Amino acid sequence: MNDPIETLRLEFNEELKRLSTLKELEPHRQRFLGRKGPIQHLLSSLRDLSAEERPLFGKRVNDLKEFAESACDELHARFLLGEEAARLKEEGIDVTLPGRPRLFGRKHPVSCMMEELLDIFMEMGFSVQYGSEIETDYYNFEALNFGPDHPARDMHDTFYLRPDILLRTHTSPTQVRVMEHQRPPIRVVAPGRCFRNEDVTARSHVQFHQIEGFYIDRGVSFADLLQTIQDFLEKLFGAEIKLRFRPSYFPFVEPGLEVDVSCLICHGVGCAVCKHSGWLEVLGAGMIHPEVLRNGGIDPEVYSGYAWGMGVERPVMLRHGIQDIRLFTDNDPRFLEQFLEL
Ligand code: DAH
């Protein structure tokens, strides 16, 4: 057997059988089919043959070349597929694994309550004004009749940023700020965040929300105040609640009062939430002190007004049976996702 073409084909096939990776295949292809390889060499030797021998020999060498090329291509495709499959398997992509669910944000329950309150007041003819969370001592205290050494300041544990600049302890400073820029009749509610330097417990926090309301015009009476409060508390908690008005003291109103509603949990029978009194305190109110009107540039001989201030977290806690005010600021999605937007 000294047919060089047949010998080469056998040798090529023999080596091909031993290959198992793409990496091995390319040198093999190069060795047989490259410019300096044996097939090229046979093709070059054609010119030494006689004219009769040349066509047949040439055809056979070309056949071998085509055969070798397609054998290499086929093996290339097979190895590629195999290696790809092995890689995927090794990387272990489990396409049946369920995706990670995305959490969608919802309105915070305190925001929902605030919006509900604002809706009620807007329906009653009040417009909304926003004060500033950073206030001066003047608007937070002085203008509201808390002199520098007024004992009522003790109720407001204050975060001072500078001796005369502080984080507002209530929304009442908005009263005088609005009076300075508006003439009566003024009918405004002012919602917002307030701050007090208190121990954080289940019942008190350093930050909380209030909504302030006030009405100033000629002839505004105490009866108007009582009726307005009754109307909105019934809208908020339901017509079946009972109200209790108690005299109280705030420097910026005269007379001042506090308003309780019959306990929403036990309906007045007495439970842990109302400390067995049957009542829950919900807001402070009163007729705006003449001095405060004067500080806002409004003549108390001509005009009178009422005001109230109410916490926002408390009604949310009562409505949903939330026992710990800290939950509102913890940002735990397990807590927050329970509240569907109203
Ligand atoms: N600002 C008071 C507080 O935070 C609440 C308050 C009481 C507001 C009586 C008023 C009012 O407008 O008339 O404790």
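Reckoned from all heavy atoms, side chains included, excluding hydrogens, waters and symmetry mates. On a predicted model such as this, the values are computed, not experimentally measured, just so you know. Order of appearance sets the numbers: ligands from 1, and atoms from 1 within every ligand.
- A distance-only check finds a donor-acceptor pair linking the side chain of R54 to the backbone of L49 [under 3.5 Å].
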Using residues 154-162 as the side-chain source, report each donor-acceptor pair under 3.5 Å to any protein atom, sequence neighbours left out, with the distance given to one decimal.
from	atom 1	to	atom 2	distance (Å)
H156	ND1	T169	OG1	2.7
T158	OG1	H156	O	2.7

Donor-acceptor pairs under 3.5 angstrom involving side-chain atoms of residues 328-336: please list them, not counting sequence neighbours.
from	atom 1	to	atom 2	distance (Å)
T329	OG1	H205	NE2	3.1
T329	OG1	R326	O	3.2
D332	OD1	R334	N	2.9
D332	OD1	R334	NE	3.2
D332	OD2	R334	NE	3.3
D332	OD2	R334	NH2	2.6

Name each donor-acceptor pair under 3.5 Å that joins a side chain in residues 248-256 to protein atoms two or more places apart or in another chain, with its distance.
from	atom 1	to	atom 2	distance (Å)
S248	OG	E258	OE1	3.0
Y249	OH	H150	NE2	3.2

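- A cation-pi arrangement is absent between R187 and F214, since the terminal nitrogen or guanidinium carbon is not both under 6.0 Å from the aromatic centre and inside a 45° cone about the axis.
- Contacts of ligand 1 (protein heavy-atom distance under 4.0 Å) are H170, S172, Q175, R196, Q210, E212, F250, F252, V253, G284, A285, G286, A307, W308, G309.
- Aromatic pair F245/W279: centroids not less than 6.0 angstrom apart.
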